[in-house]
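Before any comments, here is the structure.
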Amino acid sequence: MQPPGPSLHPHNNNPGDFTFVSSTEAEDLSGSIAAPDVKLNLGGDFTRDSTATTFLRQRGYGWLLEVEENDPEDNKPLLEELDIDLKDIYYKIRCVLMPMPSLGFNRQVVRDNPDFWGPLAVVLFFSMISLYGQFRVVSWIITIWIFGSLTIFLLARVLGGEVSYGQVLGVIGYSLLPLIVIVPALIVVRSFEIVSTVIKLFGVFWAAYSAASLLVGEEFKTKKPLLIYPIFLLYIYFLSLYTGV
């Protein structure tokens, strides 16, 4: 038998070109290329997380996986969140306690920029002082503040005044401060009836003037006494809740 000799096989490198190779080289060239064994390891935790996420979303609980972004507005200080301006409240207190125009305070800010927390603090403080006399007047003082302010507001609107209920509520509340100021003096001169009466009248006039000078504007013209008198009676009643007279 004749040993196998080199066989010629055409091998195309370029179209129209032929190259002859041996049978041994042909066997090497015709071998198959094994695919590489590539394994993608995603990790067991990832698989479990994906399964849990899919399960929750299929059951309609996908919102549990949502992460809310932090809003800078949610990180406000507590006082700013409650709209409490301590400097503004302190300035309004000074405006009420010193109502004389010659002192140069812009007193109209008490009316034009009303707030709730300042007057509420004043009313609560006056109620705490009234605990010295009788406990049951605390809730009654707050009630009189709310509904007394409502009465003054309705009367002012009927008389043609341009004022809101919030403004009246703030002015009436802040103007309780003079009655708080005279309380220590009343405790000292309690045994002197004449002096005590004078101090009470002074406190009532002081409070009524502070409130009326802010609420009774030029739009009332000749109707000013019709609004000043109810304000004066309201503070007399406030004082009577403290003294019991």
Side-chain angles (χ1 to χ4, degrees), residues 79 83-133 137-153 156 163-190 195-217 227-245:
L79 293 180
D83 197 18
I84 300 176
D85 190 347
L86 296 179
K87 293 182 179 180
D88 182 61
I89 292 174
Y90 174 67
Y91 184 80
K92 291 177 180 178
I93 290 175
R94 294 172 63 189
C95 291
V96 171
L97 292 178
M98 293 176 283
M100 288 73 69
S102 59
L103 296 177
F105 289 107
N106 182 20
R107 300 186 66 247
Q108 288 300 319
V109 71
V110 182
R111 170 179 171 173
D112 297 338
N113 186 24
D115 66 287
F116 176 75
W117 298 106
L120 179 63
V122 173
V123 173
L124 291 177
F125 187 59
F126 182 75
S127 302
M128 292 174 60
I129 293 177
S130 301
L131 289 176
Y132 180 80
V137 303
V138 177
S139 59
W140 189 240
I141 288 176
I142 297 177
T143 303
I144 293 301
W145 170 50
I146 294 174
F147 287 97
S149 300
L150 179 61
T151 303
I152 299 298
F153 163 70
V163 64
S164 66
Y165 176 64
Q167 292 174 333
V168 177
L169 195 69
V171 171
I172 296 297
Y174 274 118
S175 296
L176 274 174
L177 285 169
L179 300 185
I180 297 176
V181 171
I182 67 172
V183 167
L186 291 176
I187 296 175
V188 173
V189 300
R190 179 177 300 175
V195 179
S196 178
T197 302
V198 172
I199 293 177
K200 291 176 184 178
L201 290 175
F202 173 74
V204 171
F205 275 108
W206 186 2
Y209 175 78
S210 295
S213 60
L214 292 170
L215 294 177
V216 183
L227 190 59
I228 295 175
Y229 182 66
I231 294 174
F232 181 74
L233 293 179
L234 179 61
Y235 286 106
I236 289 179
Y237 190 73
F238 273 123
L239 185 62
S240 68
L241 293 176
Y242 167 72
T243 60
V245 178

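FYI, side chains are in, hydrogens and waters are out, and symmetry mates aren't considered; it's all heavy atoms of this structure.
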side-chain hydrogen bond (donor to acceptor under 3.5 Å, both in side chains) filter on Tyr237, not counting sequence neighbours, yields Trp140
Show your reasoning for whether side-chain contact (heavy atoms from CB on, under 4.5 Å) applies to Val123 and Phe126.
CA-CA 5 Å; Val123 173; Phe126 182 75; 5.7 Å; no
Not counting sequence neighbours, which residues clear ring pair (Phe, Tyr, Trp, His ring centres under 6.0 Å) with Phe205? List them please.
Phe232
Of all pairs that satisfy side chain to side chain donor-acceptor pair (under 3.5 Å), the ones with a partner from residues 201-214, not counting sequence neighbours:
Arg107-Ser213
Over all atoms of both residues, closest heavy-atom pair of Pro178 and Leu97
N-CD2, 4.1 Å
Tell me every residue that passes side-chain hydrogen bond (donor to acceptor under 3.5 Å, both in side chains) with Asn113, counting only those two or more places apart in sequence or in another chain.
none
Leu227 and Leu215: which non-hydrogen atoms are nearest, and at how many Å?
CD2-O, 4.3 Å
Do Phe153 and Leu150 come within less than 4.5 Å of each other through their side chains, counting heavy atoms only?
yes
Identify, with sequence neighbours excluded, every residue that meets side-chain contact (heavy atoms from CB on, under 4.5 Å) alongside Ser196.
Leu186, Val189, Lys200
Which heavy atom in Tyr165 sits nearest to a heavy atom in Ile146, and how many Å separate them?
OH-O, 2.9 Å
Side-chain heavy atoms of Trp117 within contact of Asp85, under 4.5 Å:
no
Leu239 vs Ile182, side-chain contact (heavy atoms from CB on, under 4.5 Å): CA-CA, chis, key distance, verdict:
CA-CA 10 Å; Leu239 185 62; Ile182 67 172; 4.3 Å; yes
By side-chain contact (heavy atoms from CB on, under 4.5 Å), Ala211 pairs with (sequence neighbours left out) Val171, Ile172, Ser175, Ile231, Tyr235
So, for Leu169 and Pro119, which heavy atoms are closest and what is the spacing to 0.1 Å?
O-CB, 4.1 Å
If you round to the nearest 0.5 Å, how far is CZ of Arg94 from CD1 of Ile89?
14.5 Å
With a 4.5 Å cut-off on side-chain heavy atoms, are Ile142 and Ser127 touching?
yes
At what distance, to the nearest 0.5 angstrom, does CD1 of Ile180 lie from CE of Met128?
10.5 Å
Hits for side-chain contact (heavy atoms from CB on, under 4.5 Å) against Val183, two or more places apart or cross-chain, chain-then-number order -> Ile129, Ile187, Tyr242
In Å, rounded to the nearest 0.5 Å, how long is the span from CG of Leu179 to CZ of Phe238?
8.5 Å
Report the residues that fulfil side-chain contact (heavy atoms from CB on, under 4.5 Å) with Thr197, sequence neighbours left out, ordered by chain and then residue number.
Glu193, Leu201
Closest heavy-atom contact between Val163 and Ala156?
CG1-CB, 3.8 Å
Any sub-3.5 Å donor-acceptor pair from Gln167's side-chain atoms to Pro114's backbone N or O?
no
Side chains of Leu234 and Thr151 in contact at under 4.5 Å (non-hydrogen atoms)
no
Could you tell me if the side chain of Asp88 sits less than 4.5 Å from the side chain of Lys92, heavy atoms only?
yes
With sequence neighbours left out, what residues match Tyr174 under side-chain hydrogen bond (donor to acceptor under 3.5 Å, both in side chains)?
Asp115
